[in-house]
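Take a look at the structure below.
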There are 2 protein chains.
Amino acid sequence: MKRSSNSASLHNPIYDIAAQVFHKRGYDSTSMSDIAHAARLTKAGLYHHIASKEMLLYTILNYGMDLTDEIVMRPVLEIRDPLERLKQLIARHLRLILQERNHEVTVILHEDKSLRGTLRKKMNERKKHYIDFVEKVVAGVLPRRRKSKARIAAFALLGMMNWCYQWYRPGGRITVPALVNGMTEIFLHGVA
Amino acid sequence: MKRSSNSASLHNPIYDIAAQVFHKRGYDSTSMSDIAHAARLTKAGLYHHIASKEMLLYTILNYGMDLTDEIVMRPVLEIRDPLERLKQLIARHLRLILQERNHEVTVILHEDKSLRGTLRKKMNERKKHYIDFVEKVVAGVLPRRRKSKARIAAFALLGMMNWCYQWYRPGGRITVPALVNGMTEIFLHGVA
DNA sequence: ATTAAAATACCGACCGGTCGGTAGGTTCTA
DNA sequence: TAGAACCTACCGACCGGTCGGTATTTTAAT
């Protein structure tokens, strides 16, 4: 019997496998048989564990947001100094996205329109909550006369960080610490 | 099966309509009947004009890259001053993406894994060519000792600009000129 | 310690429906 | 009267999902 101290052990491995497949092939072009096969099950066996394809995606996305709360938001909110807060936000957000294990998070970045109705609304609210959090942290380092630009700055920061999942390949020439340093410097001081 | 013999014959409205639908619903979850209906045709009627769903996507993506070449790359390459070059790159790239008409370009940003084989390779090469171009323009304004960071800076810039398609809604509180100013300032001088 | 019942995990076979795509005929236009 | 434009009707493959049933594990009373 397996028993690991981590709370993630409560997490059925099916979700991790499915997140991996969704990340690789995209939600729409992944069939339930694909996921079943990856989990070494038949489709009927898979459906013993989940309610529907959409619910499976929702559970994965929700878990990705839980990770974000836990690894980025909560620790950053405990920091007092505004500049250090922002630096930690950048470092933690980037590591969260580039960590090879967290497929749930990268799926969030790509699958926007796949959920419908209530589930979609709930996810959008969680995302909005995080964006507002980033905006506040960014506003903390802006001089008073430029506070009005906090929203654009927040989106700029989120963009440069989130876009990484599109091009970053671990093991390439660019390391995660170099990326953290580079983006922190650009966002804080610019390139010129 | 039909033409595509003439490169400029692109302005068949079918491609614009299809780009719009792909942009709205995503490639995979858009059926050919959806596109046919949007174009006021039956599916068979639509297939009189195109060879396959994948070819339709490829034509759209290729046209999006043509637009990028024409509206961003070519004019920017004619500018001598490195700083002005970069400023124009930012302004033109953002306007290209946020222009409501250019659905072909926003489809490029989202549909990465939908093409297969040769078509995918060709698209990836055109994209890589553009990324190299951005990297060179960025390197033009970097002090010598930081030239090695040009690639990270280029990806940061591309990220903050390209991410806009995910959240920007025309008619909202943020205008395109404000966005151009804001992102130019952040990338050139930082926020702190 | 035994064992029977209950719960869980899983499967082969199948369902209604939709997908991308097509054969073959009709209408429009020059 | 030729060809482009477009249609009705249809195809095989595959989709998400379910059915009835079996194997395995857990539980609990003896």
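Everything numeric in this text was worked out from a predicted model, so none of it was measured. First the proteins, then the strands, lettered A, B, ... as listed; each starts at 1.
Here the P atom of nucleotide C:dA9 and the CD1 atom of A:Ile50 are 14 Å apart, to the nearest Å.
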Would you list the atom pairs, donor with acceptor, under 3.5 Å between side chains in residues 139-147 of chain B and any protein atom, with sequence neighbours excluded?
unit_1: B:Arg146; atom_1: NE; unit_2: A:Glu185; atom_2: OE2; d: 3.2
unit_1: B:Arg146; atom_1: NH2; unit_2: A:Glu185; atom_2: OE2; d: 2.8
unit_1: B:Lys147; atom_1: NZ; unit_2: B:Ala139; atom_2: O; d: 2.6
unit_1: B:Lys147; atom_1: NZ; unit_2: B:Leu142; atom_2: O; d: 3.2

Do any side-chain atoms of residues 34-46 of chain A form donor-acceptor pairs under 3.5 angstrom with protein atoms, and if so which ones, sequence neighbours left out?
unit_1: A:Asp34; atom_1: OD1; unit_2: A:Ser31; atom_2: OG; d: 3.4
unit_1: A:Asp34; atom_1: OD2; unit_2: A:Ser31; atom_2: N; d: 3.0
unit_1: A:Asp34; atom_1: OD2; unit_2: A:Ser31; atom_2: OG; d: 3.3
unit_1: A:Thr42; atom_1: OG1; unit_2: A:Gly45; atom_2: N; d: 3.2

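For A:His48, taking side-chain heavy atoms from C-beta onward, the closest of the listed nucleotides D:dA4, C:dC11, C:dA9 is C:dA9.
Each of A:Ile90, A:Val134, A:Leu89 was scored for a side chain to side chain contact (heavy atoms under 4.5 Å, CB included) with A:Val72, with one residue passing: A:Leu89.
For residues 94-108 of chain A, every residue pair satisfying the side chain to side chain donor-acceptor pair (under 3.5 Å) rule, not counting sequence neighbours, is listed here: A:His23-A:Thr106. Every pair passing side chain to side chain donor-acceptor pair (under 3.5 Å) that includes a residue from residues 112-123 of chain A is listed here, sequence neighbours excluded: A:Glu111-A:Ser114, A:Asp112-A:Lys127.
Listed pair A:Thr42 / C:dG12 fails the phosphate criterion, with no side-chain N or O lying under 4.0 Å from OP1 or OP2. Side-chain N/O atoms of A:His49 include none lying less than 4.0 angstrom from OP1 or OP2 on C:dT8.
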Summarise how protein sits on nucleotides 19-29 of chain C as a single string, 5' to 3': B when a protein heavy atom is under 4.0 Å from the base, S for sugar-phosphate-only contact, - for no contact.
SBBBB------
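In this structure A:Tyr15 satisfies the side-chain hydrogen bond (donor to acceptor under 3.5 Å, both in side chains) test with no other residue, sequence neighbours excluded.
Residue-level contact check: B:Leu41 touches the backbone only, with heavy atoms under 4.0 Å from sugar-phosphate atoms and none from bases.
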